[in-house]
Structures are given as structure tokens and as C-alpha cells.
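Input: a single structure, listed below in C-alpha cells.
Below, read A as the first sequence line, B as the second, and so on, with proteins coming before strands; counting in each chain starts at 1.
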Amino acid sequence: MSLFGSTSSFGTGGSGVFGTTTTDSHNPMKDVEVTSPPDDSISCLAFSPPTMPGNFLIAGSWANDVRCWEVQDNGQTVPKAQQMHTGPVLDACWSDDGSKVFTASCDKTAKMWDLNSNQAMQIAQHDGPIKAIHWIKAPNYSCIMTGSWDKTLKFWDTRSPTPMMSLQMPERCYCADVVYPMAVVATAERGLIVYQLENQPSEFRRIDSPLKHQHRCVAIFKDKQNKPTGFALGSIEGRVAIHYINPQNPAKDNFTFKCHRSNGTNTTTPQDIYAVNAIAFHPVHGTLATVGSDGRFSFWDKDARTKLKTSEQLDQPITACCFNNNGNIFAYASSYDWSKGHEYYNPQKKNYIFLRNAAEELKPRNKK
Amino acid sequence: MGRKKKKQMKPWCWYCNRDFDDEKILIQHQKAKHFKCHICHKKLYTGPGLAIHCMQVHKETIDSVPNAIPGRTDIELEIYGMEGIPEKDMQERRRTLEQKSQESQKKKNNQDDSDEDDDDDDAGPSVSQVPAVAPQASYAVPMTQPGMPPVGGVPHAGYQGSYLLYKSMPPMMPGVPPMMHGMPPAMHGMPPAMMPMGGMMPPMMPGMPGIPPAMPPHMAPRPGMPHVAPSPAAGPIPSRPAVPVTQPAVAKPLFPSAAQAQQNAPGAAASNPLTAAVTTDPPKATFPAYTQPSVSSSSASSNPSSSTVVKPPATVTSKPATLTTTSATSKLIHPDEDISLEEMKATLPRYQRLIPRPGQALTAAAPSVAAVGGIMPPQQPGMRHPLHGQYGAPPQGMPGYIPGGIPPYGQGPPMVPPYQGGPPMAASKEELRSVVMKTCFV
């Protein structure tokens with residue numbers, strides 16, 4: 001059921017051949033479309049780690065499933081497997097060796113999916129939907145971190161039904177990111193907490209939010225020595241804050257920028273401001289991508305403080321994005337994120353995941 | 001400075017209520033945001049100037065000042081920097097500033113926000129830098145927003161609050177607002193406050209006017225003023241840097257290093273260096289336990305919002321909070337409730353069915369669902385897929401994904417998707433296994 005007639009190598013930009021001649025606004029960027037996408041909104045995307053050869057993509061969706069595809073070098077995507085929860089899947093991540101996928105769901109559980117055996121077992125339980133799940137690999141321990149709407153952040157050794165640690169948060173977890181030894185969690189009511197993971201996870205600092213609106217997504221970035229040094233935080237108000245943990249000069253180093261807004265210079269009509277749904281950093285270049293409810297993605301260079309590219313507008317919001325382990329592939333998902341409320345939800349509308357060649361477009365701009 | 005400062009407070013823009021360090025910056029801001037022609041982008045000097053330009057050059061009338069908050073859009077008012085601001089607006093502004101300082105300093109007295117002051121001080125200058133930078137950077141930059149208002153509002157007040165002169169001070173400049181963040185060294189008069197320093201006060205009093213009471217000079221970084229007093233927040237003191245340390249001893253107890261240490265300690269204890277490479281010098285690292293969400297939201301609410309898009313602050317007012325999603329110049333594409341989109345979506349009945357599927361033990365390694373694409377779901381527990389390592393070659397001739405095969409959940413798990421060419425259900429374990437092996441591997 002391959003959709004691609006040509007076998008153009010991925011390096012040429014992976015142009016999808018769709019055969020339709022009408023301008024199809026569901027894929028204006030003409031990116032590669034992943035086959036057999038989920039049937040409901042896609043909540044998360046993750047590529048396999050570099051420890052595994054090849055590229056495998058997992059996507060969690062509101063159809064309660066997590067699907068896995070192999071992405072081949074010629075751009076073909078082959079569905080491989082899927083697992084189900086009893087509620088919408090909100091987040092998913094890989095273990096560091098690529099053998100397991102961890103999935104978090106509204107059914108208040110998280111599961112560990114052993115890909116080799118295609119078995120999934122529950123490894124975590126919360127009192128509310130689990131919104132964020134990350135694998136932590138420390139020199140002296142490994143565990144899963146789950147952040148939930150029950151305002152707790154729990155750490156699980158996958159072999160035990162009780163958490164190794166449970167930390168209380170001021171509010172519901174909305175998003176999190178982990179790059180050892182740092183973890184950042186953004187909560188409701190604009191809460192922002194940084195944790196340090198050495199020896200054992202502990203709260204490092206609570207930060208005053210640099211943004212004035214509800215937090216929506218967060219992603220940690222690293223410095224030139226490959227150590228996590230700060231994070232990018234996106235809100236529902238079309239704005240991303242770049243925040244360093246220990247900057248030389250906070251006022252100068254930390255900044256925010258606006259994104260995902262309509263009509264930039266035209267001030268006569270009210271500007272539409274969209275939520276930033278996800279942020280992902282390119283693993284090699286350190287540049288970042290943001291995707292928003294406006295149905296666009298943008299690439300940015302935070303060091304040169306410039307925008308590298310903005311895409312055309314898709315007909316649906318883009319709800320998730322991620323880079324593969326070497327930064328050649330940028331995946332983004334087009335599905336409804338509820339930003340216009342219940343009325344605009346159309347269950348018949350197809351959801352898509354697109355793959356784009358990211359090697360060139362995310363190269364940093366040289367600072368003048 | 002002269003006894004009567006120009007407006008006795010930091011320059012602020014009448015059109016959008018933003019604060020600036022410097023009048024020059026304020027003027028630059030006004031020219032760029034309020035007096036800029038939307039047609040040809042020429043920057044004029046005043047509102048009426050802009051109106052005349054548009055009329056003469058473009059034959060267009062404009063009736064309101066761009067990017068101004070409602071109520072301040074009058075195009076006929078000739079305002080340049082701080083000049084021309086109607087007196088009543090000035091007074092209103094002073095009043096709101098004082099109010100803000102009072103509120104926040106009350107809160108401040110109960111919090112250790114020492115380090116935040118540092119941030120603010122830095123944020124201060126950045127305000128001036130930013131507008132200049134903005135035109136060049138592609139990002140709309142306003143560091144001012146995040147930097148200033150929230151940080152400015154609260155901590156400054158706190159800063160202020162630490163040095164409040166209580167009661168004794170009233171005669172002092174009532175007009176001087178707490179917003180001194182442009183002058184880091186400016187120690188607002190250190191009121192060895194009333195209580196302990198009872199004895200001190202008298203000697204200081206005479207020296208008052210104009211002389212800031214002894215300020216332990218090094219106060220700049222760490223006010224460390226836990227609760228010097230429940231100060232009713234008397235008028236702020238004019239801060240004079242060169243405080244002749246007349247009563248250092250006096251101030252000492254109020255800003256004892258002990259108090260600082262006390263603040264530092266919890267901070268230091270809490271902060272483990274993130275990485276070996278990152279050195280956190282102890283005083284610096286003691287970023288105070290951040291302000292409570294209530295504080296930050298209140299400061300958010302009391303601040304004019306950001307950017308070129310002037311809109312009323314989106315206040316997170318109460319628990320079932322709602323957002324202010326529309327304003328004159330912008331519209332937030334987000335439902336009104338201030339909960340996340342996922343939470344909203346999850347309330348739909350469609351997603352509420354949490355019926356554990358019969359036969360699916362939640363903890364056991366039961367096969368959860370039909371796998372597709374050539375990987376047969378093991379019918380019997382214990383059956384392991386022959387795929388080890390990774391997936392191996394994609395099965396040839398497989399129909400790929402069989403969406404229809406995925407059962408709507410709620411049904412029993414051990415179902416096989418309508419797998420064309422698959423083995424019949426009744427096949428034995430071994431037969432299934434061999435089929436899988438055949439089909440999965442070349």
C-alpha cells in the first residue's frame with residue numbers, strides 16, 4: 001500500500017507524489033505523508049534513538065492507540081505495530097536503547113511496550129490522566145518520569161508497581177522535557193519547575209514564568225558542550241520564551257519571541273494569535289522548530305534570534321512535531337487540537353503525519 | 001537630582017501604559033508604535049502630526065492612535081514623550097503605582113525575593129535596549145514584556161518594600177514611586193524601621209530630607225529583608241546612592257547577614273548544580289522560591305500586556321478561570337476557559353469510556369491489541385514473536401496497515417484483524433508461529 005511511486009532518496013527533499021492536481025491545503029508543503037495515520041488527533045510523535053539502526057516513528061493519538069512505523073531512507077513509511085490504551089494517549093517516548101516505548105494515557109496509566117515481543121504492560125498509575133512521560137537514564141539509575149493532571153510527578157522503576165519517588169507539583173502537569181541531568185515541567189497556572197536528576201530527582205528551582213499565558217509546551221536545549229542549559233517554553237498566546245537556567249546576564253540572554261500569529265504587519269484587522277503546540281530542537285544544529293494551532297510550522301535560530309523559515313498554512317492545526325535522531329527528518333502531525341472549541345471538531349477529517357527533510361532548512365544563520 | 005523631578009516617576013507611555021527607563025527610549029517607542037504611518041511607515045513625532053501626514057500625503061484619515069489601549073487613542077492630543085500628558089492621567093498613574101507598590105511590598109515582606117531584585121535591575125536596562133534591538137531582530141522582541149511588568153511590578157515593590165520608611169517617612173517624597181529599578185545602587189532609604197531602631201530614628205530624622213538614612217551600602221544585591229516590618233508602605237524614600245553610612249550599626253540588625261544567610265541557606269540547599277560545568281555561586285543561586293502563582297497572576301493582571309499587539313492582560317483570575325481572549329487588536333484563538341486544550345477535549349463523553357477491556361489484565365503482559373503489518377498478535381500468552389533486535393525487513397506482500405482491522409476498543413482483546421492470508425484462528429501455536437516466521441522474514 002505504498003503511496004510513493006518514485007523512489008527518490010530522502011535527501012532530495014522527500015517530495016510526496018500525490019497525483020492530485022488541485023491545490024490540496026492539507027499538505028501545502030508537499031511533504032511525505034505517513035501511511036495509515038491514526039484516526040483521531042495525534043498527541044505526540046517520537047523518533048527512535050540513535051542506538052537503534054534505522055528510523056522508527058511512534059505516534060500517540062486520541063483514538064487510544066500508539067502506532068509505530070519504520071521510516072525508510074527512501075521516504076517510505078511502513079506501519080509496523082500498534083498498541084492500545086483504554087483512553088486517549090497523550091504522550092509517548094522511547095527508552096534509550098530503542099527496545100521499549102513508553103506510553104501515557106488519559107486512562108491514568110502508563111505502559112511499557114516491548115517492541116520485540118509486541119507486548120505492553122502497565123508500569124505506572126496515577127490519579128488522573130498522565131500528560132507527560134519521559135525516560136531517564138542516569139549513571140546510577142534508570143526510570144520513567146510521569147507527570148499527571150493529578151499534580152504529581154512520579155518516577156517509576158518499571159519493575160515495580162509503586163513509584164520510586166513521587167513529587168508534588170503546585171498544579172497539573174501540562175508539559176515536560178528531560179535531558180539528563182535536567183528536567184523541566186510546566187504546569188497549569190503558569191507554573192514552571194526545574195528538576196535536577198543527579199543521584200535522584202529533586203526539585204531544583206521554581207521559576208517565574210517568562211510568559212503571561214497558559215503554558216503549552218516545553219523543550220530543553222543544550223549548549224555547545226552538549227549539556228542542557230536552558231529551555232524553550234511555548235504558550236497559548238503565540239509566544240515562545242527562551243530561558244537559560246544560569247545565564248550570564250538574564251536580562252539579555254533570556255528573551256521571548258512571537259510566533260504563530262496572523263497578518264504580521266497589517267494592523268487594521270485584529271491579529272489572530274494561535275497557541276504553540278509543540279517545540280522541538282534539532283539534535284545537531286541546535287535550532288528549533290515550533291508548530292502551532294494556525295497550521296504552520298516555523299524554524300528558528302535562537303542564537304541569531306532570527307526566523308529561518310515559516311511554512312505554508314495547513315488546513316488543520318499542527319499538534320505535534322519531532323526530529324529524528326540525526327536531524328535529517330522533521331515529522332509533524334496535522335490534526336485538530338480543539339483550539340476553536342467543540343464546534344470545529346470534525347471527526348471525519350483525516351489526520352496526517354508529514355515528514356520533511358530537515359537537514360538543510362535548519363542550519364543556523366550566521367550571526368552578522 | 002533637582003528637588004522637583006520632571007514627572008517624578010519613570011517615563012511611561014500614555015498610549016499604552018508601558019514603562020521605560022529613559023524618556024529617550026519612550027520617545028523612540030512612541031514614534032515606532034504610535035506615531036508610525038501604517039501606509040508608508042514614516043515615523044512622525046506626535047499624534048496630530050501623524051494625522052496630518054496621512055491626510056496630506058495619502059489622503060487618508062485616521063481617527064485613533066495605532067496600538068493604543070482603549071481610552072487612550074485620542075489622535076488630537078499632542079503628546080511627546082512625557083509632555084502633554086493630561087494631569088488627571090498623571091495622577092491616576094501615580095495612584096496606581098503607589099497602590100501596586102503597597103500591595104506588592106506587603107507580599108514582599110513575606111517573601112524572600114532578594115534575588116529577584118537583581119533580575120529586575122538587569123531587566124531594567126534591558127528595557128532600554130530592547131526597543132533599539134527590535135527593529136533589527138526578526139523576532140518581535142519585547143523582552144520588555146516579560147522582563148518588565150511582572151518582574152517590575154512585584155519585585156520592585158519588594159525592593160522598595162525592603163527599604164520602606166515607615167511612618168517616619170511620610171514627609172518624604174510621597175511621589176517617588178517604588179519603581180527605582182533604573183537605579184540599582186539606589187537604596188531607598190533604609191528605614192531602620194520603627195521597631196528595633198527606635199533609638200536610631202531621631203538622629204536620622206533631622207538628616208532626613210534628602211539624606212537617605214543609612215543604607216548599608218552593599219544592600220544592592222541582597223536586601224534580605226524578611227520582614228522588617230509590616231510596613232504600611234509609607235511613601236518611598238528618595239533613594240540616594242551615596243549614603244553616608246551614618247548608622248551602619250543601625251541597619252545591620254535589620255539586614256543581618258544572618259538574615260541573608262537564612263535566605264541563602266534554603267536556596268543553596270535546594271540548588272544542586274545541574275552539571276559540574278555549571279557553577280552556581282551560592283548567593284546568586286538562591287533565586288528565591290519563586291513567587292506564588294497567585295502573586296504572579298496578580299502581577300500579570302496588573303500589567304499591561306505585551307508587544308505590538310496591545311491587549312488587555314489575560315488574567316487568570318480564579319480557579320475556573322477564563323481568559324481574556326479578545327482585545328481591540330488581537331484575538332487569541334483559544335477557548336475561553338483557562339484549562340489546557342487536552343483537558344477540554346478529554347471531557348468529551350467519547351473519550352471518557354475507561355472500560356478495561358475484558359480479558360485484558362492491566363498489569364500482566366497480555367497482548368493488548370492487534371498488531372499489524374505482519375506482526376501477528378500472539379494469541380496465547382507466552383508466544384513470543386520471532387523478531388528480535390529490531391523489526392527486520394518489512395514483510396513483503398503485506399497489505400500494510402489494516403485500519404479496519406483495529407477493533408474499536410471495548411471488545412475483547414484477543415482478536416485477529418482480518419488478516420488476508422493469515423492463518424486460521426484455530427491454528428495451533430506452532431502453526432501460527434511458523435506462518436509468522438515465514439511471512440515476516442524473507
*Using non-hydrogen atoms and a 4.5 Å limit, figure out which bit of A:Tyr345 sits close to chain B: side chain, backbone, both or neither.*
side chain
*Structural part of A:His215 lying under 4.5 Å from a heavy atom of chain B*: neither
*asked:* Within this structure, what is the OG-CG distance for the pair A:Ser293 and B:Leu332, rounded to the nearest 0.5 Å?
replied: 9.5 Å
*Run through A:Asp294, A:Asp272, A:Ile236, A:Ile273 and flag the one making a side chain to side chain contact (heavy atoms under 4.5 Å, CB included) with B:Ile333.*
A:Asp272
*So, A:Tyr174 side chain and B:Ser340 main chain: donor-acceptor pair closer than 3.5 Å or not?*
yes
*Looking at B:Glu342 and A:Arg216, does any basic side-chain N land under 4.0 Å from a carboxylate oxygen?*
yes
*Pairwise distance NZ(A:Lys340) to NE2(B:His334) - rounded to 0.5 angstrom*: 13.5 Å
_So which atom in B:Pro335 and which in A:Ser339 form the shortest heavy-atom distance, rounded to 0.1 Å?_
CD-O, 3.2 Å
*Gap between atom OG of B:Ser330 and atom CD of A:Glu237 - 0.5 Å precision*: 7.5 Å
*Salt bridge flag under 4.0 Å for residues B:Glu343 and A:Lys131*: no
_Side chains of B:Tyr351 and A:Asn64, donor plus acceptor under 3.5 Å_ = no
*Quick one: does B:Leu348's side chain get under 4.5 Å of A:Trp338's, heavy atoms only?*
yes
*Find out whether the Lys NZ or Arg CZ of B:Lys331 is both under 6.0 angstrom from the six-membered ring centre of A:Tyr274 and within 45° of the ring's axis.*
no
*Using the salt bridge (Lys or Arg N to Asp or Glu O under 4.0 Å) rule, take B:Asp338 and A:Arg190 through it: C-alpha gap first, then chi angles, then the decisive distance, then the call.*
CA-CA 11 Å; B:Asp338 190 27; A:Arg190 300 166 54 236; over 6 Å; no
*Any side-chain heavy atom of A:Ser41 sitting closer than 4.5 Å to one from B:Lys345?*
yes
